[in-house]
Amino acid sequence: MTNLEIIVMSAFAALVLLAAFFAFRQARNEKTAVQRYAALKGWTYFGSDHPSLPGVLREMYPDTRYDLFNVVQIAWPPQSMFFFQYRQRLRARSTSNGFGCIAEPTARFVEPPVQISPRVPVLEELVGDKVEVGSEEFRKHFTVTCDQRGMAHTVLNENVQTILLKHYAQADYYLNIEITGNRVKVSSFWARNQTEWERLINLTGNLRDAIQ
């Protein structure tokens, strides 16, 4: 092995160790921040070990694996909500990570699922099962997908649209909303601080309460 090869391998090993160090420090800081946030709100922090949330996610997404971190159970009557950090894997391929929130039960059982995301004009042309529902202002900002337009139209009542447009005006970052069965799930890679967590949680609970 030449001196150049030794230098290259040493530099690569140093970069790997440095990346691992920063990932560990970020994970530790996020854990501390979520613990403090939960304590401030009087909610229960479970870390990576919650008795029922993994089963909820398996029921919602049988083909997807979720690695969970910093799980918090939130008191939001009539039933608790879950706030959590996740790494999502579809089969053997890593797909995404971020923070999410699940609320149940909705007043209406929603099947097939209704998915809502902020509108991205170029990318939305690639979206399958897209349906045109809601007001002109709502359609300007959001893309909706569902196998049945009638179900999407029913779920996206005036109150739901108002809640989503209000959130969009306050926090213009990408998020995913899925309403399926009797649950609402909202997730985003960009929700990275207490203010954004608060918006994510409030959005999820308000959507659950607005679905009729």
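Small disclaimer: the values here were computed from a predicted structure and weren't measured. Just so you know, residue 1 is the first one in the sequence shown, and it goes up from there.
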Open item on the list: Show me the pairs that pass salt bridge (Lys or Arg N to Asp or Glu O under 4.0 Å) and involve residues 174-190, at least two apart or across chains.
Closed with: E59-R183, E104-R183
Task: Within 6.0 Å of CD in E158, more than 12 heavy atoms from elsewhere - done: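 Counting neighbours around CD of E158, 12 or fewer heavy atoms of other residues, nucleotides or ligands fall under 6.0 Å, so no.
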- [ ] Would you please name every residue forming a side chain to side chain contact (heavy atoms under 4.5 Å, CB included) with A152, sequence neighbours left out?
- [x]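 By the side chain to side chain contact (heavy atoms under 4.5 Å, CB included) rule, A152 matches V114, V131, V133, V144, C146.
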Task: Closest approach of R119 to R139 (non-hydrogen atoms, all atoms of both residues) - done: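 Heavy atoms only, the tightest pair is CD-O, 3.4 Å.
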- [ ] Show your working on side chain to side chain contact (heavy atoms under 4.5 Å, CB included) between Q194 and L40 and close with a plain yes or no.
- [x] CA-CA 11 Å; Q194 182 173 317; L40 178 67; 3.7 Å; yes
Open item on the list: Would you say that T44 contacts I74 through its side chain, given a criterion of any heavy-atom pair below 4.5 Å between the two side chains?
Closed with: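 A side-chain contact is absent here, since even the closest heavy-atom pair is not under 4.5 Å.
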- [ ] Please collect all salt bridge (Lys or Arg N to Asp or Glu O under 4.0 Å) contacts where either partner lies in residues 32-48, sequence neighbours excluded, each pair once.
- [x]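 For residues 32-48: K41-E198.
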Task: Pairing residues for D67 by the salt bridge (Lys or Arg N to Asp or Glu O under 4.0 Å) criterion, not counting sequence neighbours - done: R65, R87, R89
Open item on the list: Working to the nearest 0.5 angstrom, can you tell me the gap between Y168 OH and K140 NZ?
Closed with: 8.5 Å
TODO: Check which hydrophobic residues are tied to F109 through side-chain heavy-atom contacts below 4.5 Å, counting indirect links as well, and list them.
DONE: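 The other cluster members (ILVMFWY side chains, heavy atoms under 4.5 Å, direct or chained): none.
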Task: Distance, nearest 0.5 Å, that separates CZ of R149 from OG1 of T154 - done: 10.0 Å
Task: Student check: side-chain heavy atoms of L164 and T162 closer than 4.5 Å - done: no
Open item on the list: Using a 4.5 Å cut-off between side-chain heavy atoms of Ile, Leu, Val, Met, Phe, Trp and Tyr, which other residues end up in the same hydrophobic cluster as F46?
Closed with: L53, V56, L57, M60, Y61, Y66, L68, V71, F82, F84, Y86, I102
Open item on the list: Distance check, rounded to the nearest 0.5 Å: I179 atom CD1 versus M151 atom CE?
Closed with: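 Answer for the CD1-CE pair, I179 versus M151, is 10.5 Å.
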Task: G205 to M81 - nearest heavy-atom pair and separation - done: CA-SD, 3.6 Å
- [ ] Report yes if some heavy atom in the side chain of T145 is under 4.5 Å from a heavy atom in the side chain of I116; otherwise report no.
- [x]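 Sidechains of I116 and T145: no contact.
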Task: R192 versus N97, closest heavy-atom pair with distance - done: NH2-OD1, 3.2 Å
Task: For T195, all residues meeting side chain to side chain donor-acceptor pair (under 3.5 Å), sequence neighbours excluded - done: none
TODO: Give a yes or no on this: more than 12 heavy atoms of other residues, nucleotides or ligands lie within 6.0 Å of atom NE2 of H141.
DONE: yes
Open item on the list: List the residues meeting ring pair (Phe, Tyr, Trp, His ring centres under 6.0 Å) with W197, not counting sequence neighbours, and say none if there are none.
Closed with: Y37, F83, F99
TODO: Quick one: list whatever passes side chain to side chain contact (heavy atoms under 4.5 Å, CB included) with S48, sequence neighbours left out.
DONE: F69
Open item on the list: To check you understand the geometry: which heavy-atom pair defines the closest contact between P112 and Q148, and what is its length?
Closed with: CD-CD, 3.6 Å
Open item on the list: As a quick check of understanding, evaluate side chain to side chain contact (heavy atoms under 4.5 Å, CB included) for L175 and W190, giving each step before the final call.
Closed with: CA-CA 8 Å; L175 49 76; W190 302 104; over 6 Å; no
Task: S135: partners by side chain to side chain donor-acceptor pair (under 3.5 Å), with sequence neighbours left out - done: Q161
TODO: Using side chain to side chain donor-acceptor pair (under 3.5 Å) as the criterion, list what pairs up with N206, not counting sequence neighbours.
DONE: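 Here no residue qualifies.
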Task: S117 vs Y174, side chain to side chain contact (heavy atoms under 4.5 Å, CB included): CA-CA, chis, key distance, verdict - done: CA-CA 7 Å; S117 58; Y174 196 85; 3.5 Å; yes
Open item on the list: Under the rule for side chain to side chain donor-acceptor pair (under 3.5 Å), what residues qualify as partners of N202, not counting sequence neighbours?
Closed with: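 So N202 forms no side chain to side chain donor-acceptor pair (under 3.5 Å) with any residue.
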TODO: Examine distances only and state if a side-chain atom of T106 and a backbone atom of I211 form a donor-acceptor pair shorter than 3.5 Å.
DONE: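 Side chain of T106 to backbone of I211, a donor-acceptor pair under 3.5 Å: no, none is there.
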Task: Between CZ on residue F142 and CG on residue L165, distance to nearest 0.5 Å - done: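 If we round to the nearest 0.5 Å, F142:CZ and L165:CG are 5.5 Å apart.
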Open item on the list: Do Q115 and N176 make a side-chain contact, defined as non-hydrogen atoms from C-beta onward lying under 4.5 Å apart?
Closed with: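 In short, these two side chains do not touch, never coming nearer than 4.5 Å.
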Task: Over all atoms of both residues, closest heavy-atom pair of H167 and R199 - done: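 Here H167 and R199 meet closest at CE1-CB, 4.0 Å.
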Open item on the list: In the structure I gave you, are the side-chain heavy atoms of V186 and L207 within less than 4.5 Å of one another anywhere?
Closed with: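 Result yes, sub-4.5 Å side-chain heavy-atom pair found.
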Task: Residue pair T180, V110: steps toward the side chain to side chain contact (heavy atoms under 4.5 Å, CB included) verdict - done: CA-CA 5 Å; T180 179; V110 178; 5.8 Å; no
TODO: Indicate the atoms forming the closest heavy-atom contact of S188 with A191, along with that distance.
DONE: OG-N, 3.7 Å
